[in-house]
Amino acid sequence: NIKSYRIRFSRNIKGYPFSMLISRRERADVERIILEVLSSLPGTYYSLEKLLKQPDLITVPDAIHKERRVDELQGNLRHWPLNRGCFIHKENNSEMDFFIKINDNDHLTVIGYDHTGKNLIKLYTKITKIMMHIDERLLERFAIIHQYGFLTSNPVDVGTGMRISC
């Protein structure tokens with residue numbers, strides 16, 4: 001019996017190193033580039049700095065509360081918590097959540113949850129609309145090698161940059 005679904009897309013901006021090697025200035029540039037695109041979506045951006053200072057500001061999605069030890073060893077926590085955050089995409093639907101992480105392991109991670117485990121097609125349709133909005137504005141800026149697909153910090157995600165789990 002499936003209790004929930006999660007769909008995730010990962011993207012990186014070409015010309016900028018992955019999280020473990022990126023400089024402070026480059027990380028700030030990536031955040032600015034992505035926020036320009038997200039400003040045309042309904043929702044709110046919360047910087048990680050602000051969330052750490054005001055933990056009751058929002059209910060933080062579970063995907064942000066993850067074990068960070070591996071990230072620390074890989075160097076993904078450089079400049080922590082600067083120029084990182086979470087864009088909460090507004091949906092009038094308590095069965096699904098959509099949020100976008102900026103400058104986590106990848107520059108951009110779009111995540112959708114179906115908390116019922118009954119609406120995979122609906123979840124996929126909604127998250128691909130969000131991705132189409134982002135792709136229309138950033139596709140030429142994404143790190144892509146046409147024979148392999150989108151480049152991500154995790155080799156498992158190279159290609160479509162998409163992962164579906166339940």
Side-chain angles (χ1 to χ4, degrees), residues 6-90 97-113 127-128 130-165:
R6 180 181 86 152
I7 300 177
R8 183 183 86 183
F9 286 90
S10 298
R11 300 284 188 269
N12 289 285
I13 307 294
K14 69 181 165 189
Y16 291 90
F18 289 144
S19 208
M20 68 279 301
L21 298 175
I22 199 166
S23 72
R24 261 185 154 156
R25 182 189 53 76
E26 291 168 325
R27 193 181 304 278
D29 287 348
V30 167
E31 181 185 39
R32 179 188 46 75
I33 290 166
I34 293 170
L35 285 177
E36 285 174 7
V37 170
L38 297 183
S39 68
S40 57
L41 284 173
T44 305
Y45 178 67
Y46 299 93
S47 73
L48 188 54
E49 288 177 272
K50 189 172 185 176
L51 289 176
L52 291 172
K53 289 177 187 171
Q54 299 174 322
D56 295 335
L57 190 63
I58 62 168
T59 302
V60 178
D62 288 341
I64 290 185
H65 294 294
K66 65 177 185 175
E67 175 58 47
R68 304 302 301 202
R69 181 73 180 133
V70 172
D71 288 330
E72 183 179 347
L73 293 171
Q74 292 174 335
N76 286 331
L77 300 184
R78 294 177 71 220
H79 320 124
W80 186 263
L82 302 176
N83 302 107
R84 292 173 168 87
C86 184
F87 182 87
I88 308 295
H89 180 65
K90 299 291 186 218
D97 287 327
F98 297 92
F99 63 97
I100 300 164
K101 295 191 297 182
I102 297 175
N103 281 326
D104 193 40
N105 293 351
D106 290 295
H107 298 155
L108 171 74
T109 307
V110 179
I111 302 172
Y113 282 107
I127 199 167
T128 53
I130 294 169
M131 283 309 303
M132 285 172 39
H133 175 86
I134 294 168
D135 284 348
E136 286 171 1
R137 290 151 181 84
L138 284 178
L139 187 60
E140 294 301 316
R141 299 198 70 177
F142 286 140
I144 302 170
I145 295 178
H146 291 286
Q147 68 193 79
Y148 300 116
F150 292 101
L151 302 181
T152 63
S153 63
N154 185 341
V156 171
D157 297 329
V158 169
T160 64
M162 180 179 73
R163 187 181 296 189
I164 299 175
S165 56

### Task
Classify the angle between the aromatic ring planes of His107 and Tyr16 as parallel (below 30°), tilted (30 to 60°) or perpendicular (above 60°).
perpendicular

### Message
Could you measure the distance from the CD atom of Glu36 to the CG atom of Leu138? Nearest 0.5 Å is fine.
### Response
9.0 Å

### Task
Could you go through the side-chain contact (heavy atoms from CB on, under 4.5 Å) check for Met131 and Arg11 one step at a time?
CA-CA 10 Å; Met131 283 309 303; Arg11 300 284 188 269; 3.8 Å; yes

### Task
Using the side-chain hydrogen bond (donor to acceptor under 3.5 Å, both in side chains) rule, take Asp106 and Ser153 through it: C-alpha gap first, then chi angles, then the decisive distance, then the call.
CA-CA 6 Å; Asp106 290 295; Ser153 63; 3.2 Å; yes

## Note on the structure
So CZ of Arg84 and OG of Ser19: to nearest 0.5 Å the spacing works out to 5.0 Å

### Message
Taking CZ in Arg32 as the centre, count heavy atoms belonging to other residues, nucleotides or ligands within less than 6.0 Å. Is the count above 12?
### Response
yes

### Message
Using 0.5 Å steps for rounding, measure from the CZ atom of Phe87 to the CG atom of Leu41.
### Response
5.0 Å

### Any side-chain heavy-atom pair of Leu38 and Ile102 under 4.5 Å
yes

### Query
Hey, mind stepping through Leu108 and Phe9 against side-chain contact (heavy atoms from CB on, under 4.5 Å) and telling me if it holds?
CA-CA 8 Å; Leu108 171 74; Phe9 286 90; over 6 Å; no

### Query
Out of Ile111, Val110, Thr109, which one pairs with Ile100 under the side-chain contact (heavy atoms from CB on, under 4.5 Å) rule?
Val110

### Query
Does Asp157 have any side-chain contact (heavy atoms from CB on, under 4.5 Å) partners at least two apart in sequence or in another chain, and if so, which?
Arg8, Ser10, Thr152, Asn154, Arg163

### Task
Go through the structure and list residues passing side-chain contact (heavy atoms from CB on, under 4.5 Å) with Glu49, not counting sequence neighbours.
Ser47, Pro81, Leu82

### Message
Check whether Asn12 reaches the backbone of Ala143 with its side chain - one donor and one acceptor, N or O, closer than 3.5 Å.
### Response
no

### Query
Has Arg137 got more than 12 heavy atoms of other residues, nucleotides or ligands less than 6.0 Å from its CZ?
yes

### Query
Can Arg27 and Glu31 be said to form a salt bridge (Lys or Arg N to Asp or Glu O under 4.0 Å), step by step?
CA-CA 6 Å; Arg27 193 181 304 278; Glu31 181 185 39; over 6 Å; no

### Summary
Scanning both residues in full, the closest heavy-atom pair of Phe99 with Cys86 reads CD1-SG, 3.6 Å

#### Entry: For the student: nearest non-hydrogen atoms of Val37 and Ile134, plus distance
CG1-CA, 4.1 Å

### Test item: Thr44 side-chain N/O and Ile88 main-chain N/O as donor-acceptor pair under 3.5 Å
no

### Query
What's the spacing between Ile13 CD1 and Glu140 CD if we round to 0.5 Å?
12.0 Å

### Summary
Taken in chain and number order and not counting sequence neighbours, the residues that satisfy side-chain contact (heavy atoms from CB on, under 4.5 Å) with Ile144 are Leu139, Phe142, His146, Phe150

### Message
Test side-chain contact (heavy atoms from CB on, under 4.5 Å) on Val30 and Asn103; report intermediate values, then the result.
### Response
CA-CA 8 Å; Val30 167; Asn103 281 326; 3.3 Å; yes

